[in-house]
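Nothing here was measured: the structure is a model prediction, and the numbers come from that model. Convention: sequence-line order gives letters A, B, ...; per-chain numbering from 1.
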Amino acid sequence: MANGWSVIIGLVVCALIAGAGYIFAPKGENQTVWRSSILLTVACTYIMWALTLLAQLNPLVAPSASNFRKEYIE
Amino acid sequence: MGVQDTLFRSSDMSLVQLYVATEIGREVVSALGELGNIQFRDLNSDTNAFQRTFTKEIRRLDNVERQLRFFATQMEKAGVTVRPIPRNENVTAAPSAHEIDDLADRCDQLEKRVSELNESHETLQKRWVELIEWRAVLREAGSVFEHAYGQVEEIRQTGEDDDTAPLLDNDVEQSVHQGGEQQSFSVMNIGFIAGAISRDRINAFERILWRTLRGNLYMNQSEMADKIADPQTGEEVDKNVFVIFAHGKEIVSKIRKISESLGADLYQVDEDANNRRDQILEVNQRIEDLNSVLQNTKLTLKAELRMIAAQLASWMVVVKKEKAVYEALNKFNYDQARKVLVAEGWCPKSGLPLVQHTLREVNARAGLQMPSIINELQTNKTPPTHFKTNRFTVAFQGIINAYGTAKYQEVNPGLQTLVTFPFLFAVMFGDLGHGFFLVLAAVLMILNEKHLDGRKIQEIFDMAYYGRYLMLMMGIFSLFTGLIYNDIFSKPLFIFPSMWEYSVPEDWKQGMKVTAHRIEGYTYPFGVDWKWHSAENNLLFTNSYKMKLSIILGWAHMTYSLCNVYINAKFFRKPIDIWGNFLPSMLFMQSIFGYLVITIIYKWSVNWQASGAQPPSILNMLINMFLSPGNITDRLYAGQEVVQTILIMIAAVCIPWLLLSKPLYLRWENKKHRALGYRGLGEHSRVSALDDEGRDSADGNGHTLGRGSADYDGTAVALVAEDIDGEEEEEEFDFGEEMIHQIIHTIEFCLNCISHTASYLRLWALSLAHAQLSQVMWNMTLANGFAKSGAVGVIMVVVTFYMWFNLTIGVLVIMEGTGAMLHSLRLAWVESMSKYFVGEGIPFEPFSFELLLEEE
């Protein structure tokens, strides 16, 4: 479902959202506030999401545990 | 006028000159005060407060204000509550001057009446206290006398018989001797004094008497049961009643003097028992009379005060506004010849039409022939910095203003703070549950805005209320980061199937360690895989992930901030700042930290297991890049040596570039200008269109009225010579100073690049700590509750939930939240704003009634 291409696709989607936000930001004296906030929010959330995905894309460590319950195993 | 104020830069300001007919000066200023967007400049700064035009009016208003405060204290004393101004009722300034006169007259009368009532109340009270004391003294003396007569007899007897007579059998004798007691005092030449004294003085009183009279007295005292109110101070005092007997007239008069000097009140007491009884009756009668009079006075006073209380608050507002109006008028110039007031002030350009409209309206109302005129002046003074904020942005702008006032029209950090501040907060506070609490609190406050606005409840709550939208943003971003970290109260959400699978070996025994294997070609699509939550090596992954995340976020934040240098340079038309400051700084930072970020991402995106190569350590790579450029121990990619060497060289070149280019360029430019015969602006008089104006101001009487009227004739833009205040001079170019400044800037920038990047590691540390703490909190409380079963389990769950919930709110949300907020604040102020923010602006302080009343 998700692989390395997701980061690129996500970027495109976010760029589209940001562009839409820029265009459809409410007019008036607060337009700058809307635009800046929308763009920055999209950028921040995208970076965070993409980095999290990238960090798990080619993991060097795998989770391990020893506290399984018997019921879980069977 | 198509000027629109945005939060990106401070509003465009213009220096305006107002010409207002003297008759409507008060009305105009009052209307502008309601409008609240002009900051008047003081045109009479060389005259002191007493010499100004409207000092008399201000004095009078001061007096009215004092009277109103007097009423307030009186009300407090009488226990009358002042009716507050209803919140939606807007108290306007007095519409006309004579209404203020009426108010002043009325206050005068009321003050007189209240003081009269107070005075008579005081005298009555004093008399009442005296009577009460007298009654107490009479009673006490009576019992003493009755007691004493018996003793007289006894004293006689003891004188005759010797000391063997029993001391306490006088009760028996009292009845026997009652008939013959009347003459006994005069016979024995014993005088007496009766009175009352406050209890804390009684000891000293007794001692003094004993010493001065060498013990030749007989003193009898008792405590009065009720406290007596001192009519002057209103304090309640304990008093003692005393009766002193002594031998001989002189001693008695001595006692009288001593007691008077110690503040005792002496009262007439008759020796005769019958007379005394009459006295008591009379005193009682008088006390009763006085009581009713006192009650009446008190009621009248209270009624009077109640009447005032209904209007006191609005009167106070009216007077304050009126005073502010005259104080503003005192800053104006008065043109005697034309009967015109001349004012100067700063006003946002976008607010000018509104000001003009207000002026026209006031003029129309007054029906004056002469119009009020507003002129825009050209000036090279630095205008004050004004940001138009709204409910949402005000708290964010407050954060910036707490650090410093932005230079006029430089890029305002407030705009980016709207998102970066709450986002960086959320990186440290990432938990869906805790974020939900924040959102909940913020939404509750926002929904109740109508009830809460402008009300002062409690300091901490008021602060939270002020930052409610900040809190909302922080909460919303925390929800997002909580989803990314996959944390809700330290528990994961199972939204997507995990990318890890445990395959348990056949011979699995309890306690055996099992490592998961990955489902090929699938990565957990949103946030951190929930399988990491139960893993024992959870920290191994989150540690590395959050550390790299914080470095990259820090780099992005700083790069974004650094770009503002470019925007500022472009806006202020200082190209040297672009290629002498911005470019080398940016190159330096990107060649080191930009490269670091790229390698981090590159390392993540390479499948090391498939290629079979050993993944190199990024940290070692960065260190080696400086220590031995061109030598690669663990290879990350082909051609790494070349790239790294080039980057090092770029960074190395950037340092002298940053250091020297700007000061050298400025020196060259200055020389060129001088060669052409220009002088610095500050060396001569200011911008002036007409020569004589320049001379005018050089004479020192900056704003002469003649000039004011010369500009008056209709030119849209008047040129004005500013007063020469030395401090606002443009400084002459000084190469040494410029150089030192740039050296400091260079060293600071290069070192800060490193230390600030490291500083972003706080994101990593705090988010790990927050996650760990909430996990510990869960394990210590609710986990124990769930571990039990049956009735005990039910009780345990209730108890541990109570503990868990309180700890979560108190420690994790409030305390940790405050901590994370402070860290985010620092990141905004230091790491981001130090890159571009100058902050040498002058705050805009408009003449506004709203602000004036808010200050209280």
Review point. Is it the side chain or the backbone of B:K388 that comes within 4.5 Å of chain A heavy atoms, both, or neither?
Key: side chain

**Study point:** Residues of residues 39-50 of chain A near chain B, each having a heavy atom less than 4.5 Å away
**Key:** A:L40, A:T41, A:C44, A:T45, A:I47, A:M48, A:W49

Review point. If you measure only the distance, is there a donor-acceptor pair under 3.5 Å linking the side chains of B:D487 and B:H533?
Key: yes

Check your understanding: With respect to chain A, which residue among B:T393, B:N538, B:V528 yields the maximal number of heavy-atom pairs within a distance under 4.5 Å?
Key -> B:V528

Review point. Quick one: of B:M473, B:Q416, B:K513, B:K603, who has the most non-hydrogen atom pairs under 4.5 Å with chain A?
Key: B:K513

Review point. Cut-off 3.5 Å, side chains only: do B:E536 and A:S66 have a donor facing an acceptor?
Key: yes

Point to revise | Interchain contact, B:L418 with chain A, by part (heavy-atom threshold 4.5 Å) | key: side chain

Practice item. Find the one option among B:T515, B:L540, B:I552, B:T420 whose heavy-atom pairs under 4.5 Å with chain A are most numerous. Key: B:T515

Review point. Would a 4.5 Å heavy-atom cut-off, applied to side chains only, mark B:I551 and B:Y760 as touching?
Key: no

Check your understanding: So which part of B:L553 gets closer than 4.5 Å to some heavy atom of chain A, the side chain, the backbone, both or neither?
Key -> side chain

Review point. Looking only at atom types and distance, does a side-chain atom of B:T481 sit under 3.5 Å from a main-chain N or O of B:I484, one as donor and one as acceptor?
Key: no

Exercise for review: State which residues pass side-chain hydrogen bond (donor to acceptor under 3.5 Å, both in side chains) with B:Q609; sequence neighbours excluded, sorted by chain then number.
Suggested key: none

**Study point:** Option that, when pairs with chain B are counted at under 4.5 Å, heavy atom only, ranks first among A:L60, A:N58, A:V61
**Key:** A:N58

Review point. Are any of the side-chain heavy atoms of B:M474 and B:F421 separated by less than 4.5 Å?
Key: yes

Study note, to complete from the structure: Contact list (residues 14-30 of chain A to chain B, heavy-atom gap under 4.5 Å, by number) returns A:G28, A:E29, A:N30

Point to revise | Within 45° cone of B:Y485 ring axis and under 6.0 Å: B:K546 NZ or CZ | key: yes

Check your understanding: Does A:Q56 reach the main-chain N or O of B:T523 with its side chain, forming a donor-acceptor pair under 3.5 Å?
Key -> no

Exercise for review: Please flag which part of B:L424 lies under 4.5 Å from any non-hydrogen atom of chain A: side chain, backbone, both or neither.
Suggested key: neither

Check your understanding: Is the closest side-chain donor-acceptor distance between B:N564 and B:S561 under 3.5 Å?
Key -> no

Check your understanding: Among A:S36, A:S37, A:A55, who wins on heavy-atom pairs under 4.5 Å with chain B?
Key -> A:A55

Practice item. Can you establish whether the number of heavy atoms outside B:W608 located under 6.0 Å from its atom CH2 is more than 12? Key: yes

**Study point:** Sidechain-backbone polar pair: B:D529 side chain, B:Y524 backbone, donor-acceptor under 3.5 Å
**Key:** no

Exercise for review: Please collect all salt bridge (Lys or Arg N to Asp or Glu O under 4.0 Å) contacts where either partner lies in residues 40-62 of chain A, sequence neighbours excluded, each pair once.
Suggested key: none

Check your understanding: For B:F526, is it the side chain, the backbone, both or neither that has a heavy atom under 4.5 Å from a heavy atom of chain A?
Key -> both

Revision key, fill the gap. Under 4.5 Å to a heavy atom of chain A? For B:S544 that would be neither

Point to revise | B:L636 side chain reached by B:Y602 side chain, heavy atoms, under 4.5 Å | key: yes

**Study point:** CA sep, side-chain torsions, deciding dist, call: B:N543, B:W764, side-chain contact (heavy atoms from CB on, under 4.5 Å)
**Key:** CA-CA 8 Å; B:N543 205 20; B:W764 161 57; 2.7 Å; yes

